[in-house]
Colleague: 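Let me give you the structure first, and then I'll get to my questions.
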Amino acid sequence: MNQYDPSKIEAKWQKKWEESGLYQTDESGANKKYVLDMFPYPSGATLHVGHIEGYVGTDIISRYFRMKGASVLHPMGWDAFGLPAENYAIKTGIHPDESTHENIKTFKRQLRSVGLSYDWSHEIDTSSPEYYRWTQWLFTLFFKMGLAYKQEADVNWCPSCETVLANEQVVDGKCERSGDEVIKKKLNQWFFKITDYADRLIDDLAGIDWLEEVKTQQKNWIGRSDGALIEFKIDGLDREINVFTTRPDTLYGATFLVLSPEHPVVEEISNIRKQISKTDNDILNDPYDIEDVKSYVAEAKAKSDADRRENKEKTGVFSGLYCINPVSGEKIPVWIADYVLMGYGTGAIMAVPAHDERDFEFATKFNLPIKQVIFKSKDDTTKDLSEAYVGSGVLKNSGDWDGLMMPDEFDKVISDLDKKKIGEKKTTYHLRDWLISRQRYWGVPIPMIYCESCAHDGKSWFTENVTASDSAAVSAREIASSSSTPRNDDYAGWYPAPESDLPILLPHDVDFRPTGKSPIALSKSFQEGVTCPGCGGPASREVDTMDTFVDSSWYFLRFVDPKNEKEFASREAIAKWLPVDVYVGGGHVVQHLLFARFFWKVIFDAGYIEKSLGEEPFLKLRAPGWILGPDSRKMSKRWHNVVTPDDIIPKYGADTLRMYEMFLGPFDAMKPWSLTGVEGMSRFIKKIYRLFEETHALENKEQDKQIDILLNSTIKKITDDIEGMRFNTAISTMMEFYNDLTDAQKLGTKINWSEVWEKFLRVMAPFAPHLAEELWQRLAVGGLGLEKTKSQELTVKSQSIHTQNWPEYDEKYLVQDEVVIPVQVNGKRRGEISIEYSVSSIENKARVEERAREVVASYVDGVVVKKVVYVPGKIINFVI
RNA sequence: GGGUGAGUGGCGGAAUGGUAUACGCGUUAGUCUCAAAAACUAAUGGGGGCAACUCCAUGAGGGUUCGACUCCCUCCUUACCCACCA
């Protein structure tokens, strides 16, 4: 008898599958399913079992869908640009292009060794000119739509990576990658106007099947809050300070204003005071020194965001200015404090210490008045608050607003502000525009050209292209810019590189050591012969590259048409495959998943996506849980607890690895790796193999009903579990099937082995594709109920188990003839009865009750039974 | 501080209103063997009892229900994400 030897079986079938083109996409797209993994960054570290988990999950789903008759697109590719390769190059001198492609080779070998059913003819590599040509083209589309702009801004700068970072890449004030403290720097940078899409990015979440957790996180990140913009006049001057507040109802309680140290008014304080003193000399009598303001502001500006947050004590300084509360007419002081952030709202707040914890703390520390305007009820006569009251209640001390209930009559407050022309409804967002410039080498060059002379004349692509040929882009631009028109002066001198020039190649012969300037700036060839698309004069290219998240924001679109040389993807291919039906991957909750949704919406608006496809690219999203090391710590080189497929496959085989990973626990849960667990799975697979060897050639056409029931209920359970991505219980079901089957075998139950194997192997096929194929082919050779093949050589695709139909189950075999009904007394199980299924219905309650009463006689005899609850076929309960 | 999950044997977990602890790991005993490994067989939540049996147990406490791991309330622990966002 043969021994199970995965190393022989698996290599053999992987080769044959490839030769026969088994996993080539059925390009008809009939009954399509697009099953997508988040494509990996090919790092120097190899793939470990945690990465594989998601890939095995999507592989099972893809194989299952194919067997159900769907045409499935299941591609894989490489998010190949990025900093680690560049840093590695700086250290070793090996060009990123070279190391990246070495890594891709390793990753690909590993993925193949797991037996994943990717169609490699759809493979993409974001660092190839064929791909990034279209990344550049999309950039120019965004530009023409008014959604890409260059602006001087305070940006996050990582001193160690020597590049700017997106807000999303700053974690706790530190660089996500290097861990260094991020500093603020004023730089001229390219942005994507993702804020124009903030509302749609929130609202469209409602219609997609994503984990609630991920949706909530995206909503929080976008951070929409509704409130009002309120105007405060500076006392003694015809000038206002605007504040944003979500609580305009507490306006009568606003006893001072607070400005962020970066607020524009702060720099002008001396001037403003001079102007005021001409009409009102009182202001000069304040015990106040402008030097205090200057030193406070200087100190605050020197601190990093992290430092500011670190400091729990509130700090601040009186500005020397007063404003007028627009409803109460009171004169209130203006303070400067770093707990107010310039980046949110207007950079100025009205402080309502009675109803805001931060304002309360500040007012207490600096002895500022606290005025309560919200009371728990009409009869509430609280005098001195010991802490801010932030709850709901009724307004008092509030002029005409007295008696209004908050938050129920909030809208009345807003409309009154509007009527009095002192404020208006306003929505603000936490989301900032997406900063995409990077001063690094290993990325996509931004395809923009700058012309000094056009800039001087105030000319730009926008001024020169009133009637652009690209009508789709222009009409889309109108849609997109309805909320905010591009400011032409920001664009002066800028032109997108003409489409015929794309791709703008990343120069190869560059010293990529970071200097704080883009390395491409040092390339001689890069700027050779560049002319202005507007005036034809000499011009220069943008030397920054794009954030790699731009590359990965549209790769799922390229996958459907990866070799197209005319378009980023054809309209037809997009319509055929998209949206993605199942998307699996971890992390990236606010980065990739937000950016990719943004890209889809922009491309949708530009008219390149059929409206019928909808406004969301990923219908269903699931994240595999982390696999922890055997020590229950996160897998990491540091703990020496990393397990890779290469540690497992040579000894146990890919099928064991796949089955074990899926059996570990719920797909989305965090769970620790265990080597003894792998051995257990290996045992199970060997048992299947052995049972097959012993039984598959036994001829027996008869079968007891009990086996029919076992087989059909197993098929049903596994089918349901795959649909619900409960792979762990699907595998338990296979184990139970084996146990029940071998028990029955020992008892001499009649079993039609060929039918059993012919069905069971098919439900096992998505999980253990190599073993299932091997045994399927042997079954075919045995000729039991299958077409005979001359040898075990699979050359025809149609003979593979993976092209067979998914087995159907027969409802009539899902119920036993006899059912076992537990008998309870007061909800505690005291026995059970076995009755014919046909008499278990509710009409026969009396009969069932009689039988049950015998079993629990010792509990119910001689006592009053108050009630008998009978759930047909499930349970009977005597209440005494 | 806010949001979102999770808490069940020695361990990973199953059961989403109806026999709690499926399935697997581990452990123990046995078979086989000169021996070991592998394999196979059996036992395995805790307490009490010779036994039939019985009591207790799903983080803690309450509630709803004939019946609660499951639903509701309060609290505790823990993980992840966000956090001076006005």
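Order of the sequence lines fixes the chain letters, A, B, ..., with proteins taken first and strands second; residue numbering starts at 1 for each chain. What you are looking at is a predicted structure, and each value in this text was computed from that prediction instead of being measured.
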Colleague: Taking the C1' atom of each, how far is U16(B) from U77(B), in whole Å?
Modeller: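 The same atom, C1', in both gives a distance of 23 Å.
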Colleague: For Asp209(A), is there an ion pair with Arg622(A) - N to carboxylate O distance below 4.0 angstrom?
Modeller: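 Counted as a salt bridge, because a side-chain N and a carboxylate O are separated by less than 4.0 Å.
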Colleague: When you check the glycosidic angle of G9(B), does it come out syn, meaning within 90° of 0, or anti?
Modeller: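 For G9(B), whose glycosidic angle is within 90° of 0, the conformation is syn.
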Colleague: Should Lys671(A) and Glu53(A) count as an ion pair when the cut-off is N to O under 4.0 Å?
Modeller: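 Salt bridge present between Lys671(A) and Glu53(A).
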Colleague: Let's see if you can work this out: which of G12(B), A22(B), U4(B) has an atom nearest to the side-chain heavy atoms of Ser732(A)?
Modeller: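 Comparing G12(B), A22(B), U4(B) against the side chain of Ser732(A), the answer is A22(B).
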Colleague: Measuring only the P atom in each nucleotide, how far is U65(B) from A15(B)? A whole number of Å is fine.
Modeller: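 It works out to 28 Å between them.
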Colleague: What's the gap between G24(B) and G45(B) when it is taken at their P atoms, as a whole Å value?
Modeller: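 Result for the P pair: 15 Å, nearest Å.
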Colleague: Among A86(B), A14(B), U19(B), which is the nearest nucleotide to the side chain of Asn728(A)?
Modeller: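 Out of A86(B), A14(B), U19(B), the nucleotide with an atom closest to Asn728(A)'s side chain is A14(B).
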Colleague: Under 6.0 Å from the six-membered ring centre of Tyr4(A) and within 45° of its axis: does the NZ or CZ of Lys686(A) meet both?
Modeller: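 No cation-pi geometry.
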Colleague: Can we say Asp199(A) and Arg224(A) salt-bridge, meaning some charged N sits less than 4.0 Å from an Asp/Glu carboxylate O?
Modeller: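 Here Asp199(A) pairs with Arg224(A) in a salt bridge, since their nearest N and O are under 4.0 Å apart.
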Colleague: Measure from the side-chain heavy atoms of Thr729(A) and tell me the nearest of A15(B), G18(B), A86(B).
Modeller: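 Of the candidates, A15(B) comes closest.
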Colleague: Among C84(B), U19(B), A83(B), find the nucleotide with the atom closest to the side chain of Pro822(A).
Modeller: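 Given the options C84(B), U19(B), A83(B), the side chain of Pro822(A) is closest to U19(B).
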Colleague: For atom P, what is the distance between C11(B) and G67(B), given to the nearest Å?
Modeller: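 My reading of the P atoms in C11(B) and G67(B) gives 32 Å.
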Colleague: Could you check whether Asp359(A) gets within reach of a base, just the sugar-phosphate, or nothing at all, counting any heavy atom under 4.0 Å?
Modeller: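 Contact class for Asp359(A): none.
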